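Below you'll find the structure, written out as structure tokens, and then a few comments.
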Number of protein chains: 2
Amino acid sequence: MQLSKYSLFARDLTNEIFSVFIACLLIGFGVLVGHILRNKQKTEAILLNQEKAHQLDLSKREYEVLIEMVDGKSNKEIAETLFISESTVKTHVSNLFIKLDAKRRTEAIHKARNLDLI
Amino acid sequence: MQLSKYSLFARDLTNEIFSVFIACLLIGFGVLVGHILRNKQKTEAILLNQEKAHQLDLSKREYEVLIEMVDGKSNKEIAETLFISESTVKTHVSNLFIKLDAKRRTEAIHKARNLDLI
DNA sequence: TAGGCAATCATACTAAAGTACCATTTTTCA
DNA sequence: TGAAAAATGGTACTTTAGTATGATTGCCTA
């Protein structure tokens, strides 16, 4: 009888621990699902932007320069970030102006925002 | 005997449904926790920005110049829009740089966006 | 009413941005 | 594999942006 009681208790404890364990797993799974769903949106947004960028015929490098430009960096800083010369940055920026139909970098930034490129 | 079997089955089914229900609750709780943790940072950042925005103490004219600047206009164009000289625009812009802690207008635009000023 | 502040404008200057043109190397792809 | 596109970079130049400084006017308020 005592043994039976003990074993019953032990089984209950085991069950309890098991349940808590499962519960933790499920909660963790929920957090993970939320994380994945969040990142999916972000990734899709980036893909969408790249699609749009492609439609505007922006090259990969031009798009990268655009991103840095939006961040408020100078040509020199962009050059340092992308490991290219300021000269090359100016070339990319000029091409961006043509493709975005902008006269200045501030106008280019504004238009890029309106086009949901960034 | 049959009844007993049925009732046992019914109890198992109830338990099963209950378990699934609890599992869903736990997963939902996990998603919620992830969501809350994610937004906590964002909310804190916004509160911090609103405080900063208030401390920035931009004058009416400076704010107006900022808006035009964000629109991608040149100093000359801003001057024409606000019916003031380009010289005055430059003064306001310089003051904006000090208050926003920016070196360039693109950086000022970027910081203003982050501060939810525009 | 004197002092502070916002707004205005000017001049003179330096720094950065932007244009035009050309050239070379890499990548891509039909 | 050969042509096209992309990426890189240089020089020389013009334009715009940004800094420094000083000055005037009008408005609010302690």
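Computed from a predicted model, the values in this text were never measured in an experiment. Here is how names work: the chains are called A, B, and so on, in the same order as the sequence lines, proteins then strands, and each is numbered from 1.
- Out of D/dA17, C/dA6, C/dG18, the shortest distance to the side chain of B/Ser59 is found at C/dA6.
- Of the candidates B/Arg105, B/Glu86, B/Lys90, B/Arg105 is the only one forming a side-chain hydrogen bond (donor to acceptor under 3.5 Å, both in side chains) with B/Asn75.
- Atom CG in A/Asn95 sits roughly 14 Å away from atom P in D/dA5 (whole-Å rounding).
- Side-chain atoms of B/Thr81 and B/Lys73 form a donor-acceptor pair, as typed in the model, at a separation below 3.5 Å.
- When the C1' atom of C/dA15 is taken as reference, atom CD of B/Glu107 falls 15 Å away, rounded to whole Å.
- At least one side-chain nitrogen or oxygen of A/Thr88 sits closer than 4.0 Å to the OP1 or OP2 atom of D/dG9.
- Atom pair A/Lys103:NZ and D/dT14:P shows a separation of 22 Å (rounding to whole Å applied).
- Each of A/Thr91 and A/Lys73 lies near DNA chain C, and the nucleotide nearest A/Lys73 is the one positioned closer to the 5' end.
- If you take CD of B/Glu86 and P of D/dT16, they are 8 Å apart, rounded to a whole angstrom.
- The CG-P distance, from A/Asp57 to D/dA4, rounds to 17 Å in whole Å.
- Per the geometry, CG belonging to A/Leu66 stands 14 Å off P belonging to D/dA7, to the nearest Å.
- Taking atom CG on A/Asn75 and atom C1' on D/dG9, their separation rounds to 14 Å, with Å as the unit.
- When each of D/dT19, C/dC9, D/dT16 is scored by its nearest atom to the side-chain atoms of B/Ser87, the top-ranked nucleotide is C/dC9.
- Residue A/Ser85 is in sugar-phosphate contact alone, with no base atom involved, counting any heavy-atom pair closer than 4.0 Å across all strands shown.
- Contact between the side-chain N/O atoms of A/Arg105 and the OP1/OP2 oxygens of C/dG18 is found at a separation under 4.0 Å.
- Considering only the side chain of A/Arg61, D/dA7 comes nearest among D/dA17, D/dA7, C/dA17.
- Between atom CG of residue B/Leu66 and atom CZ of residue B/Arg61 there is a gap of 13.5 Å, rounded to the nearest 0.5 Å.
- For D/dT19, one of the phosphate oxygens OP1 or OP2 lies less than 4.0 angstrom from a side-chain nitrogen or oxygen of B/Ser94.
- Taking 4.0 angstrom as the limit, A/Arg104 places none of its side-chain polar atoms (N or O) nearer than this to OP1 or OP2 of D/dT16.
- In this structure, CD on B/Glu80 lies 11.5 Å from OG on B/Ser85, to the nearest 0.5 angstrom.
- A salt bridge links B/Lys111 with B/Asp101: the distance from a Lys NZ or Arg NE/NH1/NH2 to an Asp or Glu carboxylate oxygen falls below 4.0 Å.
- Distances from the side chain of B/Ile84 to the nucleotides D/dT16, C/dG18, C/dC9 place C/dC9 closest.
- Taking every side-chain heavy atom of B/Lys60 into account, C/dA7 is the closest of C/dA7, D/dA17, C/dA17.
- A close approach under 4.0 Å does occur between a side-chain nitrogen or oxygen of B/His92 and OP1 or OP2 of C/dT8.
- The interatomic distance linking B/Phe97 (CZ) with D/dT16 (P) rounds to 17 Å, in whole Å.
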